[in-house]
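For the single chain, residues carry numbers from 1 onward in sequence order.
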Amino acid sequence: MSKYYYELLKVCGFEDEEIKKDKLRIEKTFEKLELGPQDMKTAEEWVRQNHDVELVGVRKLLGAWLRELIDLVLAKDEGKKIVYYGFPSIQGPGMAIKASAPEELYVACPDVVLCHTLGQIFNRLTPVLEAGEENGLPPGHGLCTLQTIRVGGLAKGIIPIPDLVTASSYYCDMGSKADELLHERYGHRAVYVDGSMDSKWGEYPEYLPQRVEFLGAQLKKLFEAVREVLGVEVTSDTWDKAMSTSRQLFHSIGQLTRLAMADPMPISSV
């Protein structure tokens, strides 16, 4: 007899052997998220309605997000040290930290993981958003919904409290402000990486040396905290691994973008 989550996972690109192998992890995750049989039926209908699951690539992408959700929810239980970073500006350093000790660390942006899974697969973000609003980010103040998701996820206990958080004010100062709130509430270490994105018109590709030096000092501050809190050393080799992964991802995104620009369009822009 198939489990209550079998059909949904098959729609999301899981293979039979994988479901069987990870049965306990899957069930423990759904239990923590308070997702039962009826939620799976609702999610399957939602996914079929809102995603083109006839495309293998779409199913695999949905499956990748679900696997990340499982890793996130169970990270502390499975003995991982946890680093959360803000989206989108701290992905590079986050990837470098992860590459330094991939078996020991869980490193991700939890708000985005929950958004793409509880939101885009299960359509169950409302309770998390409400918990975020009740725990420091009240409604009606124009606050960041991603940060509300993180606050709500921690308040509901569905994502683990991190050992270290890194954020930046590159694009928005809301992340750093919200992480300061969470630092006061949960006690984890928070490190902020600042910099200057402004250039004079025509300056590119040249940059003021002071801008490079300042950003370098900020990254050094972060990696010193990583060594102190996690006992992990970020080296030039791990930086190279992270940048290599980034280049592959952005190259693939560029290829998809060019496909979507063709006429007639061979692949949907979504």
Side-chain angles (χ1 to χ4, degrees), residues 5 22-36 39 64-87 90-91 93-122 124-137 144-168 175-192 222 225-232 234:
Y5 46 78
D22 287 339
K23 171 179 174 291
L24 294 179
R25 297 183 77 234
I26 293 167
E27 292 178 359
K28 189 174 182 180
T29 298
F30 289 155
E31 182 180 351
K32 285 199 171 196
L33 294 170
E34 300 177 348
L35 296 172
D39 296 297
W65 279 114
L66 281 176
R67 293 179 187 91
E68 189 68 31
L69 176 67
I70 293 168
D71 289 344
L72 165 62
V73 172
L74 300 182
K76 187 74 76 174
D77 294 342
E78 294 178 344
K80 300 286 184 72
K81 292 183 178 180
I82 299 170
V83 180
Y84 292 156
Y85 58 81
F87 182 83
I90 300 294
Q91 294 177 84
M95 292 171 69
I97 295 168
K98 174 70 174 178
S100 302
E103 301 303 317
E104 302 172 23
L105 303 178
Y106 176 81
V107 185
C109 181
D111 2 331
V112 173
V113 177
L114 292 179
C115 186
H116 280 280
T117 51
L118 286 185
Q120 298 300 321
I121 294 176
F122 294 100
R124 281 288 306 274
L125 266 183
T126 299
V128 179
L129 291 167
E130 290 175 342
E133 291 174 346
E134 293 168 358
N135 286 272
L137 299 182
C144 175
T145 305
L146 282 176
Q147 292 298 326
T148 307
I149 291 171
R150 183 183 298 196
V151 172
L154 286 166
K156 288 178 67 65
I158 61 177
I159 61 174
I161 297 170
D163 298 282
L164 179 69
V165 165
T166 179
S168 171
S176 299
K177 291 178 179 178
D179 281 324
E180 191 66 20
L181 163 69
L182 296 173
H183 162 71
E184 293 296 327
R185 177 162 292 179
Y186 299 107
H188 57 261
R189 182 81 171 269
V191 181
Y192 308 108
L222 168 62
V226 168
R227 182 170 59 248
E228 178 185 339
V229 175
L230 306 175
V232 170
V234 179

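Not counting sequence neighbours, H188 has no partner by the ring pair (Phe, Tyr, Trp, His ring centres under 6.0 Å) test. D77 is linked by a salt bridge (Lys or Arg N to Asp or Glu O under 4.0 Å) to K28, K32, counting only residues two or more places apart in sequence or in another chain. For Y192, there are no ring pair (Phe, Tyr, Trp, His ring centres under 6.0 Å) partners at least two apart in sequence or on another chain.
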* To do: Apply side-chain contact (heavy atoms from CB on, under 4.5 Å) to L105 and I97, showing your working.
  => CA-CA 8 Å; L105 303 178; I97 295 168; 3.8 Å; yes
* Start with the C-alpha distance between K98 and Y85, add both sets of side-chain angles, then the distance that settles side-chain contact (heavy atoms from CB on, under 4.5 Å), and finish with yes or no. => CA-CA 11 Å; K98 174 70 174 178; Y85 58 81; over 6 Å; no
* Do L66 and I26 pass the side-chain contact (heavy atoms from CB on, under 4.5 Å) test, and can you show the C-alpha distance, the side-chain angles, and the key distance before you say yes or no? -> CA-CA 9 Å; L66 281 176; I26 293 167; over 6 Å; no
* **I121 and H116: CA distance, side-chain angles, deciding distance, side-chain contact (heavy atoms from CB on, under 4.5 Å) verdict** => CA-CA 7 Å; I121 294 176; H116 280 280; over 6 Å; no
* Step-by-step salt bridge (charged side-chain N to carboxylate O under 4.0 Å, His left out) determination, R150 to D179 -> CA-CA 9 Å; R150 183 183 298 196; D179 281 324; 3.1 Å; yes
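Only one option out of V128, V73, T29 pairs with I158 in a side-chain contact (heavy atoms from CB on, under 4.5 Å); it is V128. With respect to L69, the side-chain contact (heavy atoms from CB on, under 4.5 Å) criterion is satisfied by exactly one of V113, L74, I159: V113. Of the options V165, T166, L164, a side-chain contact (heavy atoms from CB on, under 4.5 Å) to P162 is made by V165 and by none of the others.
Counted within 6.0 Å of CD on E34, heavy atoms from surrounding residues, nucleotides or ligands total 12 or fewer; the atom is thus considered open. Heavy atoms from other residues, nucleotides or ligands lying under 6.0 Å from CD of E31 number 12 at most. Within 6.0 Å of NZ in K177 there are 12 or fewer heavy atoms belonging to other residues, nucleotides or ligands.
Between the OH atom of Y106 and the CG atom of L72 there is a distance of 4.0 Å, given to the nearest 0.5 Å. Note that the CZ atom of R124 and the CG atom of L114 stand 12.5 Å from one another [nearest 0.5 Å]. For the atom pair OG of S176 and CG of L181, the computed distance is 12.5 Å after rounding to the nearest 0.5 Å. Taken to the nearest 0.5 Å, the CG atom of L125 stands 11.0 Å off from the CD atom of E130. Within the model, atoms CG of L137 and SG of C144 stand 8.5 Å from one another, a figure rounded to the nearest 0.5 Å. Between Q91 atom CD and S168 atom OG the span is 12.0 Å, to the nearest 0.5 Å.
Counting only heavy atoms from C-beta outward, the side chains of T148 and E133 approach each other to under 4.5 Å. Residues L118 and L35 have side chains in contact (heavy-atom distance under 4.5 Å, counting atoms from C-beta outward).
Residues C109 and G86 come closest through the heavy atom pair SG-C, 4.3 Å. The minimum heavy-atom distance between A99 and P102, with the atom names listed, is O-CD, 3.6 Å. A pairwise comparison of heavy atoms in P127 and K156 identifies O-CD, 3.8 Å as the closest pair. Minimum heavy-atom separation, P160 to L154: O-CD2, 3.5 Å. The minimum heavy-atom distance linking Q147 with G175 is given by the pair NE2-CA, 3.4 Å.
We find that K80 and E103 are not joined by a salt bridge, their nearest charged nitrogen and carboxylate oxygen being 4.0 Å or further apart. At a threshold of 4.0 Å, the pair K76-D163 counts as salt-bridged, since one of the basic side-chain nitrogens sits closer than that to a carboxylate oxygen.
One N or O on the side chain of R185 and one on the backbone of N135 form a donor-acceptor pair closer than 3.5 Å.
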